[in-house]
Amino acid sequence: MSRLKHKLRFSRYFEGTHVHLIADMDNTTTTTTTVQCLHPLGHSKILHLVRHAQGTHNVAGEKDHDALFSPEFFDAQLSPLGLQQVVNLRNRIQDSGLLKKIDLVITSPLSRAMQTAIEVFGHEKSGLKCPPITAVELCRERFGAHPCDKRRTIIEAQSLFPQIDFSLIESDEDNLWKADVREPDEEVAARGLKFMSWLKTRQEVEIAIVTHNRFLQHTLNALTIDSHPSVKTEICKEFGNCELRSMVLVDKRIADSSATDDLGESS
């Protein structure tokens with residue numbers, strides 16, 4: 001148990017945490033390991049997970065959940081508090097030097113996430129070199145029913161967010177969102193695992209991901225299904241708005257192989 005705590009001990013990263021998460025990139029099983037061992041950096045990713053800052057729909061939804069069905073909140077943008085939250089997080093990551101380490105920022109193509117990504121990681125007035133920002137459909141919020149979770153057309157998004165690369169999104173229109181169907185939990189989790197597998201194919205090592213609470217919850221729960229309950233609780237606790245948590249994602253197949261070698265059970 002002491003090794004497990006050492007391996008997965010949380011350290012403060014602004015308002016977030018830094019953990020090791022051992023994941024199966026084939027999406028079949030997941031695990032954590034009690035064995036201390038070295039892994040080639042090429043087989044791991046440092047992920048900085050960020051939930052978007054507070055949106056106008058969050059404010060309305062806290063008062064009345066049915067407000068989330070209102071067309072008024074179509075592709076909801078940041079609230080006044082959310083705009084302040086991104087400034088606070090931007091200042092922290094710049095002061096810490098983290099911004100200089102990030103190779104790529106991936107964002108959901110919903111406006112509140114893109115606003116957060118740009119204001120935190122791509123602020124032109126910072127005077128620092130900003131990492132590229134790419135929109136990816138796989139990491140957006142749960143599809144359907146709530147207009148706040150429907151994205152605008154890519155043509156419109158490109159005009160509003162010219163700093164973002166939309167080349168990985170195939171359809172101009174949002175063909176994934178349906179007014180009368182809410183994406184089931186298990187499908188959100190499966191999409192999250194598919195997203196994590198896609199991350200493995202990227203050449204970048206240190207990646208910031210700006211996404212959504214439900215997407216994060218279902219994805220992390222799926223990745224830690226076989227983890228010790230205390231570890232799962234720490235990793236999967238609900239994200240606050242504009243909260244950043246940092247994790248090391250290691251390919252389980254490599255981790256298991258390294259652990260076996262370290263124990264002297266194979267040459």
Side-chain angles (χ1 to χ4, degrees), residues 8-25 27 30 32 44-55 58 78 82 85-86 88-90 92-94 96 98-99 101-110 112-122 131-142 164 188-202 204-225 227 231-251:
L8 295 167
R9 184 170 55 206
F10 282 63
S11 60
R12 285 297 168 189
Y13 232 145
F14 326 121
E15 294 179 340
T17 53
H18 193 153
V19 304
H20 290 270
L21 175 61
I22 309 301
D24 185 341
M25 291 301 187
N27 303 342
T30 59
T32 55
S44 64
K45 304 288 185 187
I46 300 173
L47 305 182
H48 303 287
L49 307 179
V50 181
R51 181 190 177 189
H52 64 80
Q54 186 190 67
N58 293 134
L78 298 185
Q85 289 174 333
V86 295
N88 295 340
L89 182 56
R90 179 174 74 234
R92 286 195 294 273
I93 69 164
Q94 289 179 5
S96 71
L98 177 60
L99 185 63
K101 300 177 181 179
I102 294 173
D103 303 312
L104 175 69
V105 178
I106 295 172
T107 180
S108 154
L110 295 177
R112 57 192 182 271
M114 294 190 290
Q115 283 182 286
T116 302
I118 289 174
E119 291 300 319
V120 172
F121 299 103
I133 305 175
T134 298
V136 175
E137 200 94 86
L138 279 173
C139 67
R140 58 184 284 187
E141 187 58 297
R142 196 175 179 185
I164 296 178
V188 181
R191 177 159 58 85
L193 292 177
K194 184 177 180 180
F195 174 71
M196 289 294 179
S197 292
W198 173 78
L199 283 180
K200 178 178 175 287
T201 69
R202 301 291 307 188
E204 299 88 359
V205 174
E206 194 150 351
I207 303 173
I209 301 162
V210 184
T211 181
H212 307 265
N213 188 47
R214 291 294 165 239
F215 176 80
L216 287 166
Q217 293 301 303
H218 289 301
T219 300
L220 293 176
N221 270 290
L223 281 171
T224 58
I225 192 170
S227 297
V231 174
K232 185 179 181 70
T233 297
E234 288 290 340
I235 291 176
C236 299
K237 61 184 179 182
E238 188 166 346
F239 277 68
N241 284 119
C242 215
E243 179 182 355
L244 181 152
R245 297 182 200 167
S246 299
M247 302 184 184
V248 179
L249 182 66
V250 180
D251 189 326

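All values below were derived from every heavy atom in this structure, side-chain atoms included, with hydrogens, water molecules and symmetry-related copies excluded.
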Determine the minimum heavy-atom distance between S44 and V250, stating which atoms define it. CB-CG2, 3.9 Å
So which heavy atom on E234 is nearest to which on K237, and how close? O-CG, 3.5 Å
Do the side chains of T224 and C236 get nearer than 4.5 Å, heavy atoms only? yes
Within the structure provided, determine whether I106 and I133 are in side-chain contact (heavy-atom separation under 4.5 Å). no
Are any of the side-chain heavy atoms of L223 and L193 separated by less than 4.5 Å? yes
When rounded to the nearest 0.5 angstrom, what is the spacing between CE in M114 and OG1 in T107? 6.5 Å
Tell me, do I207 and D103 make a side-chain contact under 4.5 Å, heavy atoms counted? no
May I have the step-by-step check of side-chain contact (heavy atoms from CB on, under 4.5 Å) for Q85 and N241, ending in yes or no? CA-CA 8 Å; Q85 289 174 333; N241 284 119; 3.7 Å; yes
Check whether any side-chain heavy atom of R112 lies under 4.5 Å from a side-chain heavy atom of E141, and answer yes or no. yes
Separation between CD (E204) and CG (L199), nearest 0.5 Å, reads 9.5 Å
Return the CE to CG distance between M196 and L138, rounded to the nearest 0.5 Å. 11.0 Å
Kindly indicate whether the side chain of W198, heavy atoms from C-beta on, has any atom under 4.5 Å from the side chain of K194. no
Less than 6.0 angstrom from the centroid, inside 45 degrees of the normal: does R245 satisfy that with respect to the ring of F239? yes
Could you walk me through whether T211 and L49 pass side-chain contact (heavy atoms from CB on, under 4.5 Å), step by step? CA-CA 8 Å; T211 181; L49 307 179; 5.9 Å; no
Could you report the tightest heavy-atom contact between N58 and G55, atom names first, then the distance? OD1-N, 2.8 Å
Sub-4.5 Å side-chain heavy-atom contact between V105 and T134: no
For F121 and T116, run side-chain contact (heavy atoms from CB on, under 4.5 Å): C-alpha distance rounded to whole Å, both residues' side-chain angles, the deciding distance at 0.1 Å, then the answer. CA-CA 8 Å; F121 299 103; T116 302; over 6 Å; no
Please give me the minimum heavy-atom distance between P131 and I102, naming the atom from each residue. CB-O, 3.5 Å
For V248, is there any backbone N or O sitting under 3.5 Å from a side-chain donor or acceptor partner on K45? no
Output, in order, the C-alpha distance, side-chain angles, deciding distance and verdict of side-chain contact (heavy atoms from CB on, under 4.5 Å) for R191 and V188. CA-CA 5 Å; R191 177 159 58 85; V188 181; 4.2 Å; yes
Are H212 and S108 linked by a side-chain donor-acceptor pair shorter than 3.5 Å? yes
Whether the side chain of R90 engages the backbone of E119 through a donor-acceptor N/O pair (distance < 3.5 Å, no angle test) should be reported. yes
Can you tell me how far NE2 of H52 sits from CG of N213, rounded to the nearest 0.5 angstrom? 7.5 Å
Nearest 0.5 Å, what's the CD1-CG distance between I93 and N88? 12.0 Å
So which heavy atom on H48 is nearest to which on I46, and how close? NE2-CG2, 3.8 Å
Min side-chain heavy-atom separation V86-L78 under 4.5 Å: yes
Taking N221 for its side chain and Q217 for its backbone only, find out whether a donor-acceptor pair lies under 3.5 Å. yes
Nearest atoms (heavy-atom pairs only) where G82 meets A53: O-CB, 3.4 Å
